[in-house]
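In the text below, chain A, chain B and the rest are named by the order of the sequence lines, each starting its count at 1. All values below were derived from every heavy atom in this structure, side-chain atoms included, with hydrogens, water molecules and symmetry-related copies excluded.
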Protein chains: 2
Amino acid sequence: MELACNLCQNLVMDGQAPRKTLPRLDESLLIHLPPFSRLAKRQIRTILDQATSRRYDEGAAVFHEGDPADRFFMLLDGYVRVIRITETGEQVTALHIPAGQLLGFARAIGRDTYPATAVAATESIALSWPTRLWDTFLADYDGFATETYKTLGYRMGEMNTRIVELATQQVEQRVANALLRLINQTGRKVDGGIEIDFPITRQDLSELTATTLHTVSRLLSGWEKRGLVESRRKRIKVCNPHALVVLSQGQASD
Amino acid sequence: MELACNLCQNLVMDGQAPRKTLPRLDESLLIHLPPFSRLAKRQIRTILDQATSRRYDEGAAVFHEGDPADRFFMLLDGYVRVIRITETGEQVTALHIPAGQLLGFARAIGRDTYPATAVAATESIALSWPTRLWDTFLADYDGFATETYKTLGYRMGEMNTRIVELATQQVEQRVANALLRLINQTGRKVDGGIEIDFPITRQDLSELTATTLHTVSRLLSGWEKRGLVESRRKRIKVCNPHALVVLSQGQASD
DNA sequence: AATTCTATTTGCGCTGGCGCAAAGAGGTTT
DNA sequence: AAACCTCTTTGCGCCAGCGCAAATAGAATT
């Protein structure tokens with residue numbers, strides 16, 4: 001289920017400018033992605049011709065909470081972090097979205113502004129379409145509706161899980177769970193373990209688990225001493241997922 | 001936006017048996033509810049003829065997490081609490097649903113089991129239909145899709161808010177917020193304030209705010225001394241909403 | 001009226017994890 | 001290579017709020 005990234009090559013070459021439609025978007029960009037997989041080549045062509053593609057630097061916002069939801073997106077490469085910011089300026093990360101998923105489809109849930117801010121967790125590429133096309137997509141493209149609502153359901157499940165975790169678990173369990181979820185969803189097998197596929201700081205992890213960067217740092221240090229994880233600056237590798245599972249569920253193993 | 005409860009009278013008379021379709025469901029039951037409000041009388045008739053109505057005692061489950069989602073529901077009267085139960089047996093309340101809303105429409109988000117358990121917070125009445133009719137409703141009834149997805153969006157917003165609250169606020173603020181939300185959504189004006197329209201214990205409130213019944217009790221006692229609320233067994237009345245708003249957002253006064 | 005059950009209140013001690021502070025360490029720019 | 005910046009680590013003290021325990025108070029049942 002990996003994205004053929006060489007397809008994106010020409011997009012990446014585009015450089016940092018927020019550029020509009022490119023010479024030629026290849027149909028194979030979309031053909032394997034669930035929302036579009038049932039469509040004929042001609043339909044894909046139409047869809048691509050209406051799309052705008054753009055590259056986002058690490059940390060760049062794809063859209064902002066509260067902005068009018070005038071476009072919806074398909075993430076082609078990279079990872080996006082969905083965050084909310086409180087009145088007091090604290091950030092809370094709601095979700096990570098991997099390549100191959102739709103995002104910013106506020107329209108699907110009857111909203112006309114984005115409910116949260118989306119930030120590229122790593123250099124990313126996304127296609128986008130004007131929101132007015134949303135209903136067309138839904139009506140005209142077989143399987144599109146079903147798939148997007150599945151995505152919606154999945155994200156609701158994720159949110160629910162986070163609520164339950166925040167409500168019932170200790171910090172150590174929450175961080176362990178977050179780490180496990182990250183390697184499941186965005187993990188990359190490397191020598192000696194599984195590494196999170198994008199740069200992630202202690203601060204980021206703390207925003208994902210409702211704690212402080214200090215506590216996350218202490219936990220990771222402890223785990224590293226016990227050989228559960230290895231970490232460098234902005235990189236975390238899980239060496240012993242099973243031990244983490246134990247931590248995430250049960251009592252502290254000491 | 002109140003439900004004409006006399007319409008339900010004959011249903012209530014039905015007693016406690018889990019009964020099937022009743023002699024005659026009146027069309028005015030649905031005509032004013034958003035998902036159906038655009039429909040012709042004949043359509044409503046068809047919908048009602050396919051519906052099963054049932055009364056739920058306080059505390060009775062409408063459906064259980066994990067069960068096959070073979071029916072979807074419209075709450076006609078009462079309130080339903082949506083809860084999840086952790087492996088360790090703790091309950092977490094996700095949401096309260098007031099009369100007039102759909103629930104259990106797992107199908108809409110591509111699921112075939114219920115993602116949570118729904119329990120009647122007070123004696124309640126709901127219509128239900130077999131899930132296989134869902135797609136028919138969506139396709140045939142104008143405005144139905146839009147409305148249900150609005151509901152979905154609203155609930156996602158609620159969940160998001162809870163996540164942010166749990167992640168960033170102190171217990172006192174969370175309880176104040178929960179109380180405010182409850183009186184906004186399900187409040188009933190009574191002498192000297194606004195009362196939550198269904199029986200709710202300290203325990204319930206603690207499951208809604210991720211704390212313990214003890215802490216909730218202490219907070220309510222304190223607030224009662226200061227005249228912000230009045231409470232009896234299973235009943236809470238908010239006398240000074242504004243002061244609660246202050247508590248819910250800012251620093252503890254005093 | 002007595003019993004039982006559920007809901008609420010309150011006291012007290014303990015601790016997980018936050019806040020503060022300061023020092024290291026790895027990267028990047030000049 | 002020096003200066004700067006961001007990220008990480010670690011120590012220490014404190015306190016919000018939990019856990020435990022026990023008393024009280026309404027409702028419901030007998």
Legend entry - Per-nucleotide protein contact string for nucleotides 22-30 of chain D, where B marks a base within reach and S marks sugar-phosphate only (heavy atoms under 4.0 Å, - for neither): ----BS---
Inset, instruction - Indicate whether OP1 or OP2 belonging to D:dC18 is found under 4.0 Å from a side-chain N or O atom of B:T212. - result: yes
Legend entry - All ring pair (Phe, Tyr, Trp, His ring centres under 6.0 Å) counterparts of B:F198, not counting sequence neighbours: B:Y79, B:H96
Legend entry - Five-pair end axes of the helix from C:dA1-D:dT30 to C:dT30-D:dA1, angle between them (10°): 40°
Inset, instruction - Look at B:R218 together with B:E172 and state whether they make a salt bridge at an N to O cut-off of under 4.0 Å. - result: no
Inset, instruction - Remember a base hit wins even if backbone is also touched, and classify B:S217 as base, sugar-phosphate or nothing at under 4.0 Å, heavy atoms. - result: base
Legend entry - For atom CZ of A:R235 and atom P of C:dG27, their distance in whole Å: 12 Å
Legend entry - Length of the CZ-P vector between A:R174 and C:dG16, whole Å: 14 Å
Legend entry - Pair A:E224 + A:K237, salt bridge at N-O below 4.0 Å: no
Legend entry - A:T168 side-chain N/O to A:V164 backbone N/O, donor-acceptor pair under 3.5 Å: yes
Inset, instruction - Measure up the A:F63 and A:Y114 rings against each other and bin them: parallel (under 30°), tilted (30 to 60°), perpendicular (over 60°). - result: parallel
Inset, instruction - Could you state the atom-to-atom distance from CZ of A:R202 to C1' of D:dT10 in whole Å? - result: 13 Å
Legend entry - Listed nucleotide nearest any side-chain atom of A:T211, set D:dT8, D:dA16, C:dC18: C:dC18
Inset, instruction - With heavy atoms under 4.0 Å as the rule, sort B:L220 into base, sugar-phosphate or nothing. - result: nothing
Legend entry - Nearest-angstrom distance from the residue atom CD of A:Q173 to C1' of C:dG16: 12 Å
Inset, instruction - Take the protein atom CD of A:E172 and the nucleotide atom C1' of C:dT15, then report the distance between them rounded to whole Å. - result: 15 Å
Legend entry - Candidate nucleotides D:dC7, C:dA7, C:dC18, ranked by approach to the side chain of A:T215 - the nearest: C:dC18
Inset, instruction - Examine the base of D:dG19 for any acceptor or donor lying under 3.5 Å from a partner atom in the side chain of B:R218, and report the outcome as yes or no. - result: yes
Legend entry - B:T52 and B:R71 side chains, donor-acceptor separation under 3.5 Å: yes
Inset, instruction - Using distance alone, with no hydrogens and no angle criterion, decide if B:T209 and B:R174 have a side-chain donor and acceptor under 3.5 Å apart. - result: no
Legend entry - Between B:T88 and B:E90: side-chain donor-acceptor atoms closer than 3.5 Å: yes
Inset, instruction - Calculate the interatomic distance between A:L213 atom CG and D:dT6 atom P; express it in whole Å. - result: 14 Å
Legend entry - Side-chain donor-acceptor contact under 3.5 Å, B:S231 with B:R202: yes
Inset, instruction - Using whole Å, report how far CG of B:L219 lies from C1' of C:dT8. - result: 14 Å
Legend entry - Whole angstrom value for the distance that separates C1' of C:dT9 from CG of B:L205: 15 Å
Legend entry - OP1 or OP2 of D:dT10 under 4.0 Å from side-chain N/O of A:S221: yes
Legend entry - Side-chain donor-acceptor contact under 3.5 Å, A:R81 with A:Q91: no
